[in-house]
Amino acid sequence: MVETVETAPFEGQRPGTSGLRKKTPVFQQPHYVANFVQSIFDCLEGYEGATLVVGGDGRFFNREAIQTVVKIALANGFGRVLIGQGGILSTPATSNVIRQYGAFGGIILSASHNPGGPHGDFGIKYNVANGGPAPEKVTEAVFARTKEISSYRILKAPDFDLDALGTTRLGEQTIEIIDPVADYAALMRKLFDFERIRALFKSGFRLKFDAMSAVTGPYASRIFEDMLGAQAGSVLNATPLPDFGGRHPDPNLVHAKHLLDLAMSPDGPDLCAASDGDGDRNLVIGRGRFVTPSDSLAIIAANAHLAPGYASGVKGIARSMPTSRAADKVAEKIGVALYETPTGWKFFGNLLDAGMATICGEESAGAGSDHVREKDGLWAVLMWLNILAARGEGVDAVVTKHWAEHGRNYYARHDYEEVEAAGADELMQTLRDALPGLKGETFGALRIAGADDFAYHDPVDGSDSARQGIRVHFEDDGRIVYRLSGTGTAGATLRVYIERYEPDPARQQMTTQEALADLARLSQELAGIARFTGRKAPSVVT
Ligand code: G1P
Ligand code: ZN
């Protein structure tokens, strides 16, 4: 039976870079999830009888939220709801299921790499029929709707069993609990040379993949250990836990430091890797060699043809604006277009749909391709395995040869987390106002070649996105970028991206800190970071 429930708007239900993200208790308020989900459906048309995919990263409150989403979807007339068993479905796997089953869209319950649990974060994201995140015009319409909503429709029914595989019928409607791994694993098998990777493991290659007690555990165990024959125990923390074992499921050098230490030890594994809460990010560290996500994107693009799914070459490469320009050198060399987009995966969707780009990536540990419409952590690890197997070389050799050929882009991101929002806004505005006078300014050996506020014109749908980050270019091809995070749940986070290009192989073995010291100092001075935020140093450097 469908019930109409009276409700009142909640403030601040505005989706950010990647869906609506708040502290878990905010989502636990009565009607909060229902309001947002009904607002999404209110902005869509033509889904009567259609399929909706629902899944999440297994974090605290995942199961409860899924029940609400499913009951609202059925009450609003969706014909079929596909749910990952146990409420588990990684973000890239959701994207694949949406595409493979011709679904109308999907709802992903996740706050990605943010910590989970009763005091952690929660999130809801809507993906459209191409499998990618809803474009800005949809998310803006949803936000507008959340401000007006006065009622939602919900099925009055006992909770559904999320654990037993199979189909439940409710009159004309069906709910199907599907294996979250099977379709995704089949897709990976099509893209990569599993025979060759299996031979690599057979020859003694050692992998440590940390699933961080989040969604990728079941995927990684099945693919790496069962299908590819990696040593038992190659996958760490393989069981998804509601609080991620109390850890922060962010595969960076802070939260996955143990992997870095392992990879840097003399007898470390050949490859250490990890993924985040919902499985779309990746971390790749070879023995003795950390690979920055920006370098990883460039190296993947340069070597993708070694994987069967990309044997005919890449059509174009896309990267988010703050991502280093290492990929640009590859695009130039292989003679394909390079697209520079605003931060957030949603901007890649059109380029992928139009066949203009094959490989995409972001500095924030995201890489992927046209196989789905999300970034994909396990895909990136499999791509690296395929490249290493095909080249018969280790990570360090692949990386240093890449630099020798294309030059090295030293790169770091400095985050000033949870600063006061007003100060952060003022900092950005002051920089923006100073833009016209920056060109030609000299700081020691550094001279500014130009500066602007990045704006993107989508070549496919013609839409424009302004104020996407401030770029300061230097004459020696260095760059500093400033932008505010769109995914934070408390205060503001200022992100500063620092980059320097080094073509000379003799100077490519400095530490990043050494290579970027001058630019890093200048990044603070130029924007008055201490003055506006009270911070003398970044909270996280990645
Ligand atoms: C961050 C990353 C961005 C990524 C997003 C979602 O967004 O910087 O590249 O797409 O998370 O994973 P931000 O907090 O910077 O807005
Ligand atoms: Zn994520």
Side-chain angles (χ1 to χ4, degrees), residues 14-21 55-59 89-95 108-116 121-125 127 132-134 136 139 211-212 214-216 219 240 244 248-252 255 274-283 292-294 296-297 318-324 340-349 360-368 372-380 411-419 424 428 454 465 467-469 481-497 539-540 542:
R14 178 183 226 134
T17 312
S18 193
L20 180 67
R21 275 194 207 163
D57 62 12
R59 70 180 58 220
L89 210 44
S90 79
T91 291
T94 308
S95 186
I108 301 174
L109 303 166
S110 169
S112 189
H113 50 288
N114 296 6
D121 290 344
F122 196 79
I124 302 186
K125 188 169 88 155
N127 280 28
E136 245 166 18
T139 55
M212 304 190 94
V215 82
T216 53
Y219 298 84
F244 306 124
H248 201 129
D250 190 350
N252 64 21
H255 299 291
S275 189
D276 70 330
D278 62 330
D280 56 359
R281 294 189 174 203
N282 76 82
L283 171 73
T292 69
S294 294
S296 182
L297 169 67
R319 62 161 174 83
S320 67
M321 181 274 283
T323 303
S324 100
E340 185 174 40
T341 59
T343 295
W345 206 261
K346 61 186 170 209
F347 293 98
F348 295 136
C360 310
E362 294 193 277
E363 53 67 39
S364 53
V372 289
R373 293 296 180 270
E374 289 279 5
K375 55 189 176 240
D376 190 341
L378 285 181
W379 172 90
Y411 186 84
R413 186 177 93 184
H414 292 189
D415 290 333
Y416 298 80
E417 292 179 332
E418 300 196 12
V419 299
M428 291 301 288
F454 179 61
S465 307
R467 289 159 74 111
Q468 295 295 322
V481 171
Y482 300 88
R483 61 178 284 280
L484 298 183
S485 157
T487 56
T489 54
T493 291
L494 170 68
R495 302 203 196 282
V496 184
Y497 311 80
S539 15
V540 184
T542 47

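Atoms within each ligand, like the ligands themselves, are counted from 1 in listed order.
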field: For atom 9 (O) of ligand 1, closest protein heavy-atom neighbour
entry: S364 OG, 2.6 Å

message: Distance under 4.0 Å to a non-hydrogen atom of R495: what atoms of ligand 1 satisfy this?
response: 8 (O), 13 (P), 14 (O), 15 (O)

task: Say whether T323 and S320, considering side chains only, have a donor N or O and an acceptor N or O under 3.5 Å apart.
output: yes

query: Tell me, which protein residue and heavy-atom name are nearest atom 14 (O) of ligand 1, and how many Å apart are they?
result: T487 OG1, 2.4 Å

statement: Numbered in order shown, the ligand 1 atoms found under 4.0 Å of a heavy atom of G486 are 13 (P), 14 (O), 16 (O)

task: Any chance you could measure D57, atom CG, to L89, atom CG, to the nearest 0.5 Å?
output: 11.0 Å

Rounded distance (nearest 0.5 Å) linking atom OH of Y411 with atom OH of Y497: 6.5 Å

message: Do S485 and T487 pair up side chain to side chain, a donor and an acceptor below 3.5 Å, judged on atom types alone?
response: yes

query: With atoms numbered from 1 as shown, which atoms in ligand 1 lie under 4.0 angstrom from a non-hydrogen atom of T343?
result: 3 (C), 8 (O), 9 (O)

field: Closest to atom 1 (C) of ligand 1 among E374, H113, R281, R483 (heavy-atom distance)
entry: R281

- prompt: Is a side-chain donor-acceptor pair under 3.5 Å present for S539 with D415?
  reply: no

- prompt: With sequence neighbours excluded, what pairs up with Y219 under the ring pair (Phe, Tyr, Trp, His ring centres under 6.0 Å) test?
  reply: Y184

R495-Y416 side chain donor-acceptor pair, cut-off 3.5 Å: no

message: Applying a heavy-atom cut-off of 4.0 Å, say which part of S485 lies close to ligand 1: side chain, backbone, both or neither.
response: both

field: Stepwise side chain to side chain contact (heavy atoms under 4.5 Å, CB included) check, K375 with R281
entry: CA-CA 7 Å; K375 55 189 176 240; R281 294 189 174 203; 4.0 Å; yes

task: State the atoms of ligand 1, each with its element, that fall below the 4.0 Å cut-off from a heavy-atom position in G344.
output: 10 (O)

field: Nearest candidate to atom 6 (C) of ligand 1, where distance is taken over non-hydrogen atoms, out of R413, E362, K346, K375
entry: K375

- prompt: Does a donor on one side chain and an acceptor on the other come within less than 3.5 Å for D280 and T91?
  reply: no

task: Under 2.8 Å from the Zn ion (ligand 2), which protein N, O or S atoms are there? Could you list them by chain and number?
output: S112 OG, D276 OD2, D278 OD1, D280 OD1

query: Hey, is R319 close enough to E362 for a salt bridge, meaning N to O under 4.0 Å?
result: no

